[in-house]
Protein chains: 2
Amino acid sequence: MAQSVSLKMLATHLGLTVSTVSRALNGYTDISPATRERVKRAADELGYRANQNARRLSIGTPETICYLMPRYASSGTQPFVAQLLQGLGEALSKRNWDLLVSHAGTSKDELAQIDRLVRSGRIGGLVISRPLKNDPRIRLIQDLKCPFVVHGRTAACDDYAWYDIDSARAFVDAVDHLVGLGHSRIAFVGAPLQYQFAQDRLNGYQTGLKGNGLPGDPDLVQIAEFSDEGGEVATNSLLDLPEPPTAIVCVSDAMAFGALAAVRARGLMPGKEISVIGYDGLSFGAHANPPLTTMAQPQAHAGRRLGDMLLSIIDGEDPKKHQELQRAHLLRRQSDGPLQHVVDREKRSIREEHQ
Amino acid sequence: MAQSVSLKMLATHLGLTVSTVSRALNGYTDISPATRERVKRAADELGYRANQNARRLSIGTPETICYLMPRYASSGTQPFVAQLLQGLGEALSKRNWDLLVSHAGTSKDELAQIDRLVRSGRIGGLVISRPLKNDPRIRLIQDLKCPFVVHGRTAACDDYAWYDIDSARAFVDAVDHLVGLGHSRIAFVGAPLQYQFAQDRLNGYQTGLKGNGLPGDPDLVQIAEFSDEGGEVATNSLLDLPEPPTAIVCVSDAMAFGALAAVRARGLMPGKEISVIGYDGLSFGAHANPPLTTMAQPQAHAGRRLGDMLLSIIDGEDPKKHQELQRAHLLRRQSDGPLQHVVDREKRSIREEHQ
DNA sequence: AGGCTAACCGAAACCGGTTTCGGAAGGCAA
DNA sequence: TTGCCTTCCGAAACCGGTTTCGGTTAGCCT
């Protein structure tokens, strides 16, 4: 790789010293306008670009932030990552900062990796996604005094910056919506509660029930692996109940897809006999069977905001001032519908018997 | 952010000079084993990590590669990105290299950005995805003499390294499969041919036809925007034909989802009246209506291989030696099926009339 | 004892920028 | 002409590492 032209080469080419050229390019006022112009033109012509390693070493900031890729047992795609990175990149590019991504194998690895990452001076800030309830990474990063923002929240989230969707409220809304459709036996398909988002959404489900004067039946909340398969097994447990639910809210779209499959496998039609609502708003849900009703949210916006927040904090602002709660909105497709009354059900079984 | 302990601090702490400490940590042989141990232990205790900006400036390599995020008109999610990044990260972490991601707005921006990126010495290599037929980025990167690998290929791909799926062959396989099911009127739903992958797949479709002695009807290839909506409009054009196809191969899973929707909208059942085959192998396709038959491929493997290849090239190996063609395999779900003969079709319309 | 070698470590240059400090040149007033 | 103040630029320190080179000490041989 041909080493590009250095400051020294540019200086000798111009018959000036490096210090003069450097100041000319960086807009110092003690350089005559004539010289400044001459230097800038020469830099353009020779295609000079300051070596960033040298520059950053000198100015003392890495001008780089790092996104820690989430890792799950199920290696399923994380559809939101690409959009989040896109948004982060947009925010950073305004100031010419770089975006590093890092992923780790085990949880222990991850802590060691974070330690190495910030101690080695490579990065000026971190963003992490989907924290656990009591995420050891956050303590570590705080101890390291490295600026960071969290995409999501932990149980105790008072003393750091975060951007989150109010998923508790979203699940209240989802339950309200279903109650409005006449449902009263509403189930919850969830992910392991070590993830704070899983706990939040369960809480929302429960307060939604309470708000509508509905009893909380423990049989109606099923926790399973965070994947479409998990959604399927959880839903099967629900359908095996003596008195199965008439509506199901799922902690994610992926799990909802599994729920749809389980419902269909019993010869029932989601949106008719049973309502299913997801959470994420994946565009792909429009192609599910039937198209999935879901609580949607803007992922690219999340990336941009997280980037802006992190830069502000690095500039010295108080992290506590940067805590943003966004709302999800109901994206109604076809997997939800009014409660079928018992008469309807009986009609259906009679019809089926006659076939 | 508390500046971590520097080499100098470590040295004074030990009563040695920085050069000694540095060599002790880097495994030079002219340091006594006793000193080496003493230094390493102190480094551990104090949590010393070499400043990477300084280190890389000194050793002259950025130890970082960059992935250029693909951008499309349709801002639809790129489900493969997360997995690809995962694989790239795995390959790089073996040597403690960093992974930068960069995205650009317009095409012109992207060229300028690449130029800045490599000239500024931030990166030691590049990987780009889904090149155009005649991709200006490749010429630029070659001119800059920056090591790179391409995920995909251009029209002329002899003189650089790439990793690609043999999508031409995959489409031959898909056509063969459909012919084996009795189909002869097979259509192609494609993306704009400026993308080389779109051209490759069209070629594969056509040679597949030829190999089975089938005529190539220009009406049966429909090019549309690279998205699910595009797939829908293309398929609608096909179904409006006086003699519509009985099978459709699609350039991507996303477009195939649109095709499924268009077919269902006419009251036809994909997999029965019309076969639809996608390309990508998205895990999500299992939840489409009906589950999408597709040509699948391993994305995480692609990332690992691309990373390994790039590192080899940076080490000085000949890029031409690193050209890898992988095969896709048919992942059969339920959107394909045997040709329904005319009698069947007539039966169906008679049945419909009687309802 | 003198000399030679090997083992071990310190001094200093270097990577390529940024930034402080001071000095030379020129303009103006006294 | 001297003195002072700007204006403009060069010299050099510095960021935090790596690496070359050379020097000191100890050990061994003759």
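Naming convention: chains lettered A, B, ... in sequence-line order (proteins, then strands); numbering from 1 in each chain.
Checked against D:dT18, C:dG17, C:dT18, the side chain of B:Asn26 finds its nearest nucleotide in D:dT18. Distances from the side chain of A:Pro33 to the nucleotides D:dC8, C:dG10, C:dT18 place D:dC8 closest.
Backbone-only contact: A:Ile59 has heavy atoms under 4.0 Å from sugar-phosphate atoms and none from a base. If you check every strand for non-hydrogen atoms under 4.0 Å, A:Leu57 touches a base.
OP1 or OP2 of D:dG10 lies within a sub-4.0 Å distance of a side-chain N or O belonging to A:Thr20.
The distance from atom NZ of B:Lys8 to atom P of D:dT18 is 14 Å, rounded to the nearest whole Å. The CG atom of A:Leu7 sits 12 Å away from the P atom of D:dG10 (whole-angstrom rounding). Between the CG atom of A:Asp30 and the C1' atom of C:dT19 there is a distance of 10 Å, rounded to whole Å. The CD atom of A:Glu37 sits 16 Å away from the C1' atom of D:dC8 (whole-angstrom rounding). Atoms CD1 (B:Ile31) and C1' (C:dA7) sit 10 Å apart, rounded to a whole Å. If you take CZ of A:Arg23 and C1' of D:dT7, they are 12 Å apart, rounded to a whole angstrom. If you measure from atom CG of A:Leu25 to atom C1' of C:dT19, you get 14 Å, rounded to the nearest angstrom. C:dC15 atom C1' lies 14 Å from atom CD of B:Glu63, rounded to whole Å.
For A:Asn51 and C:dC15, a side-chain-to-base donor-acceptor distance below 3.5 Å is absent, hydrogens and geometry of angles not being considered. Side-chain atoms of B:Arg56 and base atoms of C:dG16 include no donor and acceptor less than 3.5 Å apart. Within 3.5 Å, no donor on the side chain of B:Ser32 pairs with an acceptor on the base of C:dA7, nor the reverse.
Using a cut-off of 4.0 Å between Lys/Arg side-chain N and Asp/Glu carboxylate O, B:Asp44 and B:Arg41 are scored as not salt-bridged. Taking 4.0 Å as the cut-off between side-chain N and carboxylate O, A:Arg122 and B:Asp98 count as a salt-bridged pair. Salt bridge A:Arg95/A:Asp315: present, at least one basic N to carboxylate O contact under 4.0 Å.
Residue whose closest nucleotide on DNA chain C sits further toward the 5' end, between B:Ser19 and B:Ser58: B:Ser19. Residue whose closest nucleotide on DNA chain D sits further toward the 5' end, between A:Arg36 and B:Arg55: A:Arg36. Taking for each of B:Tyr28 and B:Asn53 the nucleotide of DNA chain D with the nearest heavy atom, the 5'-most of the two is the partner of B:Asn53. Along DNA chain C, the nucleotide nearest A:Ala50 and the nucleotide nearest B:Thr35 are compared for position; the residue whose nucleotide lies closer to the 5' end is B:Thr35.
The backbone N or O of A:Trp162 sits nowhere less than 3.5 Å from a side-chain atom of A:Glu324 that would complete a donor-acceptor pair. A side-chain donor-acceptor contact under 3.5 Å links A:Arg36 to the backbone of A:Tyr28.
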